[in-house]
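First comes the structure, then the notes that go with it.
A, B, ... follow the sequence lines: proteins, then strands. Residue 1 opens every chain.
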Amino acid sequence: MSKEELGVYLKPFNRTGGKFLALIAVLLGAMALGGYALYIQFTEGHYVSGMRDVGAGGAAWGIYIGMLVYFIGISYAGISVSAAVRLLNLEKYKPVARMGELLTIIALLLGSLFILFDLGQPIRGVINMFQFGRPMSPLFFTFSVIATGYLWSTLIFMYISGRRDASIMKANGLGIKPLYTVLSGGYVDSHKAREKHNKVLKALAVAILPLLVMAHSFLGFVFGLQVGRPGWYTAIQAPAFVTLAAASGIGALIIISLVIRRTYGLQQILTQDIFRGLGNFMGAATGVYIYMIISEMYVMKYAGPSGEVLIADSMLSGQLAPYFWAEILSFIAAFLIIFAMFARKSYSLLGITTSAVLVNIGALLARNMIIIPSQTLGMQLPYALGSYFPSWIEISVVVGLFALGVFLYSIFTKIFPIIEFPEEVRGER
Amino acid sequence: MGRTLALLTLAIGLILMAVGLMTVAPVGETAGPVISNPKIPFAAGIWVLGMMTSLLTPVAYVMGREK
Amino acid sequence: MVKYAMAIDLDRCMGCRACMEACKIENNTGRNIFWMFVFKQESGEYPNTTTNYMPRPCMHCDNAPCVKVCPVGARFKSETGAVLTDFDRCVGCRYCEVSCPYGVNYFNWREPADNQYYHWGKGEAEGKYGTADIRTLANGSISPYRNPTLDEPHGAEKRTVAGGGHYVGVIEKCTFCVQRTDKGLDPACVANCPVSVYTFGDLDDPNSSISKLLASRSSFRLLEETNTHPRVYYLGTPMPLEHRKHLENISV
Amino acid sequence: MAQLTRRSFVKTAGAVTVVGAASLKLLGADDLFIETLKPVLPRASGKPEITEEIVHTTCWIGKQDCSILAHVVNGRVVKLEGDPDNPRNKGRLCPKGQAQIISFYDPYRVKAPLRRVNGKGVPGEWVETSWDEALTLVSDKVKEVRAKDKRLLVWQKGRSKAEPFYDNAFVPASGATKLHHGAFCSDAGYRANEYTIGFNGVLHPDFNHCKYLLNWGWNIVNAGGNKLCWITFNQQLLDARGRGMKVVTLDPWKRGAGPHTDEWLPNKPGSDLAFFLTLSNVLIERGYVDVDYLKKYTNSPYLIKSDGYLLKVDGKEQVWDTVSSSAKPFDAAGVNPALEGEYSVGNEKVKPAFQAFKEHIAQYTPEWAEDICGLPAERIRKVGEELGQNAMIGSKIVLDGVELPYRPVGIAAYHVTQQELGFQACRAAIMAFMLLGAIEAVGGLRSDFGRKTHGNFKSLDEVQIKDPPYNIWLQNSKYFPINSNNSSLVARVSQDPGKYGVDYTPEVLMIHMSNPLLSFADQKALMEWLGKFKFTVVIDPWMSETADYYADVVLPAATIEKYEGPSSVNDGYNDGSVIRTPPMRPQFQSRADIDIYIDLCERAGFLYGKDGYIDKLNGSLGLKDPYKMDLDKKPDARDIFDRWAKSSGIGEGVKYFENKTVANPKKFAIKDLYAPAWNPPYGGLRHRLYGESLKRYGEVMKEKGTPENFRRDYTPFPTWRSPTMDSSPSEYDLYLISHKKIMFKQSRSTSNPLLKELEPNQYLEMNPKAAEARGINDGDEIVVESQNAITKETRQVKVKVQYAEGIRPDTVSMSHHYGHWVNPNVKEVGPAPNTLFFSGEGYVQMTADQSFQVKVRVTKA
């Protein structure tokens, strides 16, 4: 199968212009900044961060945990799309499947790194987690189910679905040959092999879907089970986490695929129809999440114990009002844009992207609004009220890890086809 | 051949998971002295290893010599 | 089986905070770390105001959220019922700190020697007002009043849990002075309280002072609705918990 | 980074082996092997070899010397715990007692004798000198000035604990003029108690039997009594309340008394005299008068002539005998003296002192006092009523077979005397309790622990006011016949010595453990005064602010690690003595104060021989013959205490105190405990309801031309006038008072980082409504300006506001533990209120004490 037939699918490979190198340079710079901040944090301890003891007017879980929850949230996109493609035979979304899987892997990787950098004793943390792990702690499941189970299964999913493309690439002598021999692993393209793969992937998707739901709800349970923290202890945490994960996950996928579509000119493959579907799903999920926020806030404000009322007041009209209203308004705006387009049956890419961006901004704020105020204001004993703001160290570590994610993503697009080769593209020699 | 290899990996995986879960520190009433130690060290590690092995079954199945 | 518990008589407390200092010296805790903390609150409006004081040790709960959430079992309930932290196993995830309704956990945000009251290790003020070698003052132990006997491991499992052992990146909290109760002494706060606010003892022994006290006077526990079953009982007039106005607040 | 990598290397290496270990486990390796592979943090390897020891000593940071068991491990003090044998602290310690442990290891201590190399009035630059050089420098100056004129040598007393060694031996031996440390104490209260009932102390209740306590201020909860520092009264208060004692607190700010008072009377600052006078008015009006006590043990029946002087027949005061209806000497047998009515003896119209008091007090009705005190009239009347009822006048009680008057009403009024009208306010308070017959009665008013009367009862009655020139603290002067020699006043006088008839200026100043700049009122005047001295030596473990600005030589004293004492364990009911013994050798190059003084006296030439330091010491310590020190052999501190112990009946000598605590412990017998049971009762004194000598002094001062505001308060009965501060312009609409905190004692506790952490910042405590009326929010930085009603001088500080609901809207308060600048722990946390207070006319009492009250205005910064 000649290069011309592959043609459009190989566009990412031959567009390694100056702009790409500039991007890589910027990303490396940001990662260096993050690395330097991490070096200081390791040598001088977390004192350099803005975190302080709960009760002494600070928050012990800061922006690192907020970003951890956000990243594990957006990892929702990968599996849900691939599962949709495999299980529901929605071939329409096949082109974005691999992008989703890659997003999941990188997001989970970043999430695990955020936990690691938040630990006071990171090296001991890794060892003791394996050695003395206790299932009674919700963190155990965050660690074993998400960081290993979910990440590992997505890797396998991607490996199996990528074997065929690797063999085609090898056959055509493109890119890095030894990499593809490993990745194809003796794959011989034939109808029977393709059937076998599809069957296996369908089975794996069925296995992974519960993992998906379990992972995000366990993350919710990390907070939802804590009777000690007003504002956390609600049954809605787990479902809310899954919903926001869906909304922000798909939103992130939309953003990434649109960026790839524009930079690599893959307009014919990534048709507007795909984005319409994703957009609708995201809009629906956002709508449900708005409903959940309202119900939680209503319950807190109406009859919550003093800690919760304090948080609700601070969020609605107090010190945290700007963050909370920015969050809720961006969700509502995103939902309205999608709903308007849905009602008028005319979708614009610009509309979908803006609402995807708004959802993610809202998600970033929402995660922190759940975690931090409950520690600084949600005291059940009469401590003085506290405040928390990330120090430059924390912000540069976050920026550094963001850059790492984008860096891995862009490198991957250079070494492996980002869009699965369709059936018609034959793999035989 | 692929089928047997897959079933073998799945079996090993599930056994490891079972061993891990049985020897990990128990979930239980915290009133008495909570036995916070696993019966054997690295029980959690074994549980994770088990989960990863069982997730390898599809690869084993696919990698098995196509008939 | 010993079942340690503590009773605090709020009608006797004068907010002198001697218990906080006794605890701090006994366990060599650093700046802004108060294993024992005393709330001093004023409520009401002029001229009918009320002033309340309330000591707050760790509650050593029987259904402890911190024991449940610790991912590595560093926080555990010892045989005497005291909830202790194993400094060798804690990974510093601070989940216990955020899960505790009473806010009794303190994290070593930085090297404990840097968080002490003077930088003895760095020879602070070595040349000021006459020269002297501050670094080897008290043969280099930081703080110089650190009691080396606190390093002995505790209990059957030989775990390092006593005060004095502070490490960067590890959580710490009141241990009911496990190193003292092991020797049959009262915790430092109980032994030192100038006006005997505290009663400490074994609830399993019916004629211990605490069993008799709790049998004779009505007591309450903090945040009972969280179902943590604390081991610390309060007697006398309770402090209004919602109020946030500190008489003298300790800045971080 | 290196340290971390070494640790991480240990762990990663550990990790690899550990994973391997798990598999080993499966292959049956035993647990111990796995145990050794567990990643363990680096810690002292092996079991540290431990030597433990308990040293008996006494607390040094407070003023009541609680007994301490110092836990010493490997030669290092690691914990201080209370010693159960001392009745004052009963095995417990206050926060200061615990936190003073850091003083052993405080790098900011003066580590070696220092000599100043720069000018004064600015932070000092120092050169380290040897002890020999420093002592020679100081002793030469002392020798030189003693040769010229002993009056030029001044010794400023601080919290130096061992009076037999310093006040009663060094001062007489050196001939120095001693200045009192009346920083927060209440010298005026001492003078009022001595003058009125002959006890050297200040008012506190008999806790064991008191049922109703009128508590002034929050000292009862937060600051202890005259001879006590903190713990003792709190323990006794709680036991008393346990027995049902009711507490009524009189204080503009509710502060710490909060949960320990049943009623709170927020009175206006400076109005205490009016309140106490009104109490007497109510008691007399309701007939709550112990006639029997007044007749027998006070000068109430003494007859007063129309000119206000007592009727005397050949030197003996007369009373009107109702049996023979004629004037008789007060101590004639079988006389039943009249308390009321008017009589004439010869052509003299006379009336008993009580009658004059009744007429004098009639004007002070609760309605009159309502707006002066800022309290509703019926609440004041209710207190008077309750006092009268609870006093159970006439009731008796038998304790240990001794029948005693039973008046279970007490008063705690320690610092009430630190205001312009303090002396008279304290007298008025005592007089109210004299009406109830509660003086030294069971459950009643008590003043001193010493269980004996004081010579000042007589000497304060016979002050010979002389003409100038006077000494620097105006002793027996026409300005202050009753005088407490306080440094603030000395500073004020030094600004214009001529005006006060002082004809010399002292040259050498020795400051022992005191920080006048921060502790006394009127910092500005103190700075000028300290600047005038040619040579100043400070003996202190820390560089105090006073030393930093004005010391020529600083000699480092040890803190707790020295021999010092003897101090008493008297808690009002028990007695005995203790000594401070060193748990460690003096830190850095510091030395025990006693050793410093011995060396100084030796080099200055007044250690040996007659009237030398050793001679005076033999007397002040009461050493009996076989143990008296011979006058020409240089003693050492431990040896002196050994002699003292043996001559006060402790066979083992000082060794006793090194492994036990209290020597000669005894519980006061009931007949010694209560003055009515003495023989003669009350030591034979007639308590002075009528202060004739005060009137006499007033008139002598008038003849000698003393300005009116020095003498207008010298009246036989306490007479109300509005304090001078009230005449400040109306825009100064707030009263500023200062308050103490439990955690701090004086400068040496304020710079203690453990204590400073508990109360890090200075605040102006202000009522929220008063603040909002001035547009001020909680936590705002504001400017506080005080104004001197007489000199019109104004002073300003910047401070943060803290809302306090429990304070009068017209009153604000600042704690006086701030404003230091030497120790880094205390820099920039807020000003000292003493910079706002004034000394001198209008702000000093008739007893040369000081007042911590001034009118201020508050504006946003």
Side-chain angles (χ1 to χ4, degrees), chain C residues 10-18 20-22 24-26 31-32 42-47 49-53 87-88 117-118 120 123-126 128-132 134 137-139 141 143-149 151 160 165 167 191-196 237 245 247-248 250-251, chain D residues 40-41 43-44 48 50 73-74 76-79 81-82 89 92-95 97-99 101-102 104-112 114 126 128 221 230-231 234-235 238 254 256 258-260 264 266 543 556 588-589 742-743 753-754 757-761 767 769 803-807 809:
Chain C
L10 294 179
D11 285 346
R12 293 185 71 89
C13 179
M14 294 195 169
C16 79
R17 289 177 160 172
M20 285 168 71
E21 287 311 308
K24 181 165 276 298
I25 308 286
E26 175 74 32
R31 280 186 184 262
N32 289 318
E42 181 186 58
S43 45
E45 272 194 20
Y46 180 81
T49 67
T50 49
T51 323
N52 299 88
Y53 306 121
F87 295 127
D88 280 338
Y117 289 89
Y118 286 120
W120 285 286
E124 180 174 0
E126 218 152 13
K128 218 156 171 24
Y129 309 131
T131 51
I134 300 299
L137 194 66
N139 43 54
S141 98
S143 57
Y145 50 83
R146 179 186 181 289
N147 185 348
T149 58
D151 297 339
T160 40
Y167 303 100
N192 185 65
C193 172
V195 285
S196 315
T237 42
K245 177 76 188 70
L247 260 182
E248 285 111 0
I250 296 173
S251 59
Chain D
V40 174
L41 278 173
R43 231 185 344 277
I50 302 255
V73 172
N74 296 353
R76 234 179 343 108
V77 177
V78 293
K79 188 82 189 301
E81 289 184 358
N89 57 320
R92 312 294 172 122
L93 288 180
C94 78
Q98 283 290 342
I101 193 169
I102 208 166
F104 292 115
Y105 315 107
D106 185 343
Y108 286 93
R109 267 171 70 157
V110 178
K111 306 191 215 9
L114 300 173
W126 308 97
E128 188 176 336
V221 167
W230 189 68
I231 280 187
N234 306 71
Q235 291 169 347
L238 282 173
K254 192 171 195 179
H260 300 285
W264 173 42
M543 180 61 72
F588 311 117
Q589 292 178 48
I742 302 179
M743 294 79 204
L754 291 167
E757 182 184 42
L758 299 177
E759 314 275 341
N761 298 310
N767 187 297
K769 289 187 191 55
Y803 277 3
E805 286 290 345
I807 194 168

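The SG atom of C:Cys16 sits 8.0 Å away from atom CG of D:Asn234, with the distance rounded to the nearest 0.5 Å. Here the NE2-CE distance, from D:His260 to C:Met14, works out to 4.5 Å after rounding to the nearest 0.5 Å. Rounded to the nearest 0.5 Å, atoms CD (D:Gln98) and CD1 (C:Ile25) are 6.5 Å apart.
Without hydrogens or angle criteria, D:Glu128 side chain to C:Thr131 main chain gives a donor-acceptor distance under 3.5 Å. The main-chain N or O of D:Gly806 is found under 3.5 Å from a side-chain atom of C:Glu42 such that the two form a donor-acceptor pair. D:Arg76 places a side-chain N or O within 3.5 Å of a backbone atom of C:Pro144 that can act as its donor or acceptor partner.
Aromatic ring centroids of C:Tyr118 and D:Tyr105 lie 6.0 Å or more apart.
Pairing each heavy atom of D:Lys769 with each of C:Glu45, the nearest pair is NZ-OE1, 3.6 Å. Shown here for D:Cys94 and C:Pro194, the closest heavy-atom pair between the two residues is CA-CG, 4.3 Å. Taking each heavy atom of D:Tyr108 and C:Lys128 in turn, the nearest pair found is CE2-CD, 3.9 Å.
The part of D:Leu114 that comes within reach of chain C is its side chain, from C-beta onward, which places non-hydrogen atoms under 4.5 angstrom from that chain. Only the side chain of C:Ser141 comes within contact range of chain D, judged by heavy atoms closer than 4.5 Å. Only the side chain of C:Leu137 comes within contact range of chain D, judged by heavy atoms closer than 4.5 Å. The contact between C:Cys13 and chain D is made entirely by backbone atoms, counting heavy-atom distances below 4.5 Å. Using a 4.5 Å cut-off between heavy atoms, C:Lys24 touches chain D through its side chain atoms alone.
Under the ring-ring contact (aromatic ring centres under 6.0 Å, His included) criterion, C:Tyr117 pairs with no residue, sequence neighbours left out. With sequence neighbours excluded, the residues satisfying side-chain contact (heavy atoms from CB on, under 4.5 Å) with D:Glu81 are C:Glu26, C:Arg180, D:Lys79.
Using a 4.5 Å heavy-atom cutoff, the side chains of C:Cys193 and D:Arg92 are in contact. At a threshold of 4.5 Å between non-hydrogen side-chain atoms, the residues D:Glu759 and C:Arg17 count as touching.
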Would C:Glu21 and D:Leu93 satisfy side chain to side chain contact (heavy atoms under 4.5 Å, CB included), going step by step from the backbone distance to the final call? CA-CA 10 Å; C:Glu21 287 311 308; D:Leu93 288 180; over 6 Å; no
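Between chain C and the residues D:Pro809, D:Pro107, D:Gly82, D:Ala99, the most heavy-atom pairs under 4.5 angstrom are made by D:Pro107. Of the listed residues (C:Gly123, C:Ala138, C:Gly15, C:Pro47), the greatest number of heavy-atom pairs within a distance under 4.5 Å of chain D belongs to C:Ala138. The candidate from D:Met543, D:Lys111, D:Gln235 with the greatest count of non-hydrogen atom pairs under 4.5 Å with chain C is D:Lys111. Between chain D and the residues C:Asp11, C:Ile134, C:Thr49, the most heavy-atom pairs under 4.5 angstrom are made by C:Thr49. Counting heavy-atom pairs closer than 4.5 Å to chain C, the top-ranked of the candidates D:Val221, D:Val77, D:Val110, D:Asp106 is D:Asp106. Contacts with chain C were tallied for D:Val73, D:Ile231, D:Ile102, D:Asn767; D:Ile102 has the most, counting heavy-atom pairs under 4.5 Å.
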